[in-house]
Trainee: 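Take a look at this one; I'll ask things after.
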2 protein chains.
Amino acid sequence: MKDLHIPYYIRLRDTLAEQIAAGAMAAHDKLPSERELKESYDINRVTVRQALMQLESEGLVYRLIRRGWYVSPPRLNYDPTNAIGFMQNVSAQGRVPSTVILSKSEIVATQWAREKLQLGAGEKQYLLRRRRLIDGHSVLVEHIHINAKLCSGLLDLTLEGSLTEVFKEQFDLKIARVEITMYPAPLPEAQADELQVIAGTPGLLLMRSSYDQHDNVVTFDQEFWRHDALQISLQVNN
Amino acid sequence: MKDLHIPYYIRLRDTLAEQIAAGAMAAHDKLPSERELKESYDINRVTVRQALMQLESEGLVYRLIRRGWYVSPPRLNYDPTNAIGFMQNVSAQGRVPSTVILSKSEIVATQWAREKLQLGAGEKQYLLRRRRLIDGHSVLVEHIHINAKLCSGLLDLTLEGSLTEVFKEQFDLKIARVEITMYPAPLPEAQADELQVIAGTPGLLLMRSSYDQHDNVVTFDQEFWRHDALQISLQVNN
DNA sequence: GAGTGGTCTAGACCACTTC
DNA sequence: AAGTGGTCTAGACCACTCC
């Protein structure tokens, strides 16, 4: 015999999901506080949180640490086979992109970066860290490791937009080939902090290696996305 | 001032993650029961579960309903730009694939399927539901909606392997173009049951439309993956 | 029948945000 | 100072699995 009882947290989850779907709450609206929900539905606060965390993993709501729960905006469409940059892609979908440079530095490549960038011992790399936003809300943090000898002086240029364009315009470097790997994974603590989400919340990890026309590695990029911020779409011709 | 206290559930999560990484437990090994962990680490069972659910969302452990928590195997590599089928892909990675046909039927296309398959009112579709496994463990459930008039009699053939091959060999249909959309999302209840996971656990939803050489829609496929079962990798040439 | 995980309660204290 | 979410306790009962 199957258990036919519907748990309270599932009912609350569905109730809230319906309200959101029905448009009773708009993107970025704040939900009632956990204690209010607890009173309204006469269930324990732990149970309320269980429902909210379900909705979070569905991408319907997100939270700001110690500030509350909010309705998620629609996902951004991302086509990894398309070379279009973040700024253009977001704009094309009728939303407002922005970029914050978190840090930029020239360092001696770590062993790990040396492998990824195919560098020898002692060679230099740039490390560029950026946070990117849609409609004023952070959606990803990225760490871009750059082969410094291919683009000396890069850090003095404008780095908010497409690096691919900067490489082409300023350094005559064409990105000829890109390798991408991605999978769902929780955000590491440092990146979670920067996205103002709690460590361990679901995320999407995307890594990208870019090669120039001579098949040198130009950049190795790690992107830490909010898991509810994007949807991957692509087209393949055989 | 930042809070420097490390929560118990984070400590337990890290402890278990280290044990797994160190190889103290192999793929599909059962973890100690929640009550054993509670005793061992002298924390509440709710807190133990919090740690386990974190590990689940990281893809390090999975659970079988009411049976326990187990160590996850490595992720399958999946290249959406590569036409290679599931069976071949799994084999190529040194693992053992299998397929279970859950149901197959010929039905009048629903409105929703009519749109996806670009069919007129009253036209027929096949619905094929399969579960696919790696090393004997279910990793996905798929619902394949098929344009019946392009491949009449399909359901009488062997359907465990690559449909793309069946189309080519038996119906002279070449899959010329594929559109894929995917995003992290929890598994719907029905699919969760079939994968023996609890409804609402994290998953990956992948939808695929296949077009033939005349740009007719041949199939529309919904795949419900365990979120920890795969990693997406692809290469793009510009 | 013993053991497991799934659900739930009624509290508590804390760090942090908001006012 | 009041309110919020984050963490945690010490129980409880249930459905189901395993033996």
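Sequence lines set the chain letters: A, B, ... in the order given, protein chains first and strands last, and positions in each chain run from 1. When reading the values below, keep in mind they use all heavy atoms of this one structure, side chains included, and skip hydrogens, waters and symmetry mates.
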Trainee: Mind calculating the distance between NZ (B:Lys38) and C1' (D:dT7) to the nearest angstrom?
Mentor: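 For the pair B:Lys38 NZ and D:dT7 C1', the rounded distance is 16 Å.
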Trainee: Rounded to whole angstroms, how far apart are CG on B:Asn44 and P on C:dT7?
Mentor: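 Rounding to the nearest Å, CG of B:Asn44 and P of C:dT7 are 16 Å apart.
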Trainee: Could you go through nucleotides 2-6 of chain C and list every protein N or O atom that sits under 3.5 Å from one of its N or O atoms, giving the distance for each pair?
Mentor:
from, atom 1, to, atom 2, distance (Å)
C:dT4, OP1, B:Ser33, OG, 3.4
C:dG5, OP2, B:Glu34, N, 2.8
C:dG5, N7, B:Arg35, NH1, 2.7
C:dG5, N7, B:Arg45, NH2, 3.4
C:dG5, O6, B:Arg35, NH2, 3.1
C:dG6, OP1, B:Arg63, NH1, 3.3
C:dG6, OP2, B:Arg49, NH1, 2.5
C:dG6, OP2, B:Arg49, NH2, 3.2
C:dG6, OP2, B:Arg63, NH1, 3.3
C:dG6, N7, B:Arg45, NH2, 2.7
C:dG6, O6, B:Arg45, NH1, 3.3

Trainee: What integer distance in Å separates A:Gln196:CD from C:dT17:P?
Mentor: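 These atoms are roughly 9 Å apart.
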Trainee: Rounded to whole angstroms, how far apart are OH on A:Tyr41 and P on C:dA10?
Mentor: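 Spelled out: OH on A:Tyr41 to P on C:dA10 is 19 Å.
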Trainee: Quick one: which of A:Arg208, A:Arg132, A:Arg131 gives a salt bridge (charged side-chain N to carboxylate O under 4.0 Å, His left out) with A:Glu142?
Mentor: A:Arg132
Trainee: Is the closest side-chain donor-acceptor distance between B:Arg130 and B:Thr99 under 3.5 Å?
Mentor: no
Trainee: B:Glu179: what forms a side-chain contact (heavy atoms from CB on, under 4.5 Å) with it, not counting sequence neighbours?
Mentor: A:Gln235, B:Arg177, B:Ser209, B:Tyr211
Trainee: Among all residues two or more places apart in sequence or in another chain, which pass the side chain to side chain donor-acceptor pair (under 3.5 Å) test with A:His143?
Mentor: A:Arg129, A:Gln191
Trainee: May I ask you to verify if any side-chain N or O of B:Thr47 is less than 4.0 angstrom from the OP1 or OP2 atom of D:dT7?
Mentor: no
Trainee: For B:Tyr8 and C:dC14, what is the distance between atoms OH and P respectively, to the nearest whole Å?
Mentor: 13 Å
Trainee: In this structure, how many angstroms lie between the C1' atom of D:dC8 and the CG atom of B:Leu12, rounded?
Mentor: 14 Å
Trainee: Check the distance between D:dA10's C1' and B:Gln50's CD and give it to me in whole angstrom.
Mentor: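 For the pair B:Gln50 CD and D:dA10 C1', the rounded distance is 16 Å.
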Trainee: Answer yes or no: is there a donor N or O on one side and an acceptor on the other, between the side chain of B:His227 and the main chain of B:Glu56, under 3.5 Å?
Mentor: yes
Trainee: In terms of the angle between their ring planes, are A:His28 and A:His137 parallel, tilted or perpendicular, with boundaries placed at 30° and 60°?
Mentor: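 Plane angle under 30°, so parallel.
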